[in-house]
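I have placed the structure first, in the form of structure tokens, so that the comments after it can refer back to it.
In what follows, residues are counted from 1 in the order of the sequence shown.
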Amino acid sequence: MQKFLSLIKVRFAWLFLGIIVGFFIMLFVSLIIPKQYKSSIQLYVTTYSFEQNSNTALVQSSEIIAAEKLANTCSVILKNEDILQIVADNLTEYTTVKRIKESLNIKVVSGTQILEITSTTNNAKLSVDICNTLAKIAPLKLQNVINGVYAKEVGNATIPYYASSPNILNNSLIGAFLGLFITIIIVLLIELSDNTIKTADTFKKHFNIPILGEIPSFKE
């Protein structure tokens, strides 16, 4: 351990350079990667019978479970390409169904009947429009597929002011860590492959002959 620490001390400049190089490489990469903007909206999904019973305290556990399963089913239906084509047709900015589908993430909020619709694109306004448009047409489209389904928007998607990715600071710190790690590996490999004799003790260890004298090293 002491030998390792002394090696680190000797090669400190190398390690510092590795950290700086790694940091700035990842910083540069993060700056040239296209920014992604995430927007989301929630959709409350249930059945008309559940909605009526919820106001009369007659809701049974089986109905709650059924309502949660319904939300999962609805999340699959909303990813249908025919529905996404309608979304594309209603957007102010042209985009393809494939791009909309790739940008979408629709999931059920755990333990609820809430669908969270999230869109991530390189255009903040487009992400918002996709979420709001899908949430707007969802109630009618779900009713056409499932009898008795009730869906309602919860609020509206808003324009994100900051990009959700890339995370420049995190990426730069990861780059610094990787730079340090790689430099340490290089230093250790150089040290292990170095078979030159630097001290009298090392000489005695390898050769069983006496040392007649040493030439001192004079530093200015």
Side-chain angles (χ1 to χ4, degrees), residues 30 32-168 170-171:
S30 298
I32 63 175
I33 293 176
K35 294 181 179 180
Q36 297 292 309
Y37 296 89
K38 181 185 294 184
S39 186
S40 61
I41 190 171
Q42 292 183 329
L43 199 68
Y44 173 64
V45 179
T46 187
T47 61
Y48 280 105
S49 60
F50 182 92
E51 184 68 12
Q52 292 170 357
N53 290 338
S54 64
N55 295 324
T56 59
L58 296 176
V59 179
Q60 297 180 1
S61 60
S62 59
E63 290 182 292
I64 297 175
I65 295 172
E68 291 178 1
K69 288 183 178 179
L70 176 63
N72 280 295
T73 303
C74 291
S75 69
V76 176
I77 294 173
L78 291 178
K79 294 177 184 177
N80 181 270
E81 291 192 358
D82 290 337
I83 294 177
L84 297 184
Q85 182 62 59
I86 297 172
V87 173
D89 294 339
N90 284 274
L91 293 175
T92 55
E93 179 179 336
Y94 172 76
T95 190
T96 63
V97 170
K98 182 181 178 182
R99 186 183 179 191
I100 294 174
K101 194 169 188 176
E102 290 174 349
S103 77
L104 279 176
N105 179 29
I106 304 176
K107 65 179 182 179
V108 180
V109 178
S110 180
T112 72
Q113 298 148 246
I114 299 291
L115 281 182
E116 187 170 55
I117 302 171
T118 302
S119 176
T120 306
T121 71
N122 59 1
N123 184 315
K125 187 176 183 303
L126 179 61
S127 297
V128 174
D129 288 345
I130 290 174
C131 289
N132 284 332
T133 304
L134 181 56
K136 185 178 179 180
I137 68 172
L140 181 59
K141 294 301 175 182
L142 292 175
Q143 288 171 18
N144 291 339
V145 178
I146 306 173
N147 291 329
V149 70
Y150 173 84
K152 184 179 180 181
E153 300 170 54
V154 182
N156 292 298
T158 56
I159 295 179
Y161 292 102
Y162 303 101
S164 58
S165 67
N167 190 316
I168 296 176
N170 282 356
N171 290 347

**Prompt:** Taking it one step at a time, do N144 and K141 satisfy side chain to side chain contact (heavy atoms under 4.5 Å, CB included)?
**Reply:** CA-CA 5 Å; N144 291 339; K141 294 301 175 182; 4.3 Å; yes

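Side chains of K136 and N90 form no contact here, defined as non-hydrogen atoms less than 4.5 Å apart. Under the 4.5 Å side-chain criterion, counting only non-hydrogen atoms from C-beta, L43 is in contact with L78. In this structure the side chain of Q42 reaches within 4.5 angstrom of the side chain of V109, judged on heavy atoms.
P166 and N171 get closest at one heavy-atom pair: CB-ND2, 3.7 Å. Annotation for A135 and E153: closest pair O-CG, 3.6 Å, computed over non-hydrogen atoms. Taking all atoms of both residues into account, the shortest heavy-atom contact from L115 to A71 is CD2-O, 3.3 Å. Of all heavy-atom pairs between A157 and C131, the closest is CB-CB, 3.8 Å. When all heavy atoms of T73 and I146 are compared, the closest pair comes out as CG2-CD1, 4.1 Å. Across all non-hydrogen atoms, the minimal contact from Y37 to S127 is O-OG, 2.9 Å.
In this structure, CG on L140 lies 10.0 Å from CD1 on I83, to the nearest 0.5 angstrom. Remark: L134 CG to I137 CD1 distance equals 5.5 Å, nearest 0.5 Å. For the atom pair OG (S119) and CG (L126), the distance works out to 6.0 Å, reported to the nearest 0.5 Å. Taking CD of E116 as the start and CD1 of I106 as the end, the distance is 11.0 Å to the nearest 0.5 Å. To the nearest 0.5 Å, atoms CG (N123) and CD (Q36) are separated by 10.5 Å. The CG atom of L84 lies 9.0 Å from the CD1 atom of I130; values are rounded to the nearest 0.5 Å.
Side chain of N105 to backbone of T118: no donor-acceptor contact under 3.5 angstrom is found. A donor-acceptor pair under 3.5 Å is absent between the side-chain atoms of T46 and the main chain of Y150, judged by distance alone.
Heavy-atom neighbours of Q85 CD from other residues, nucleotides or ligands within 6.0 Å: above the threshold of 12. Heavy atoms of other residues, nucleotides or ligands lying less than 6.0 angstrom from NZ of K79 number more than 12.
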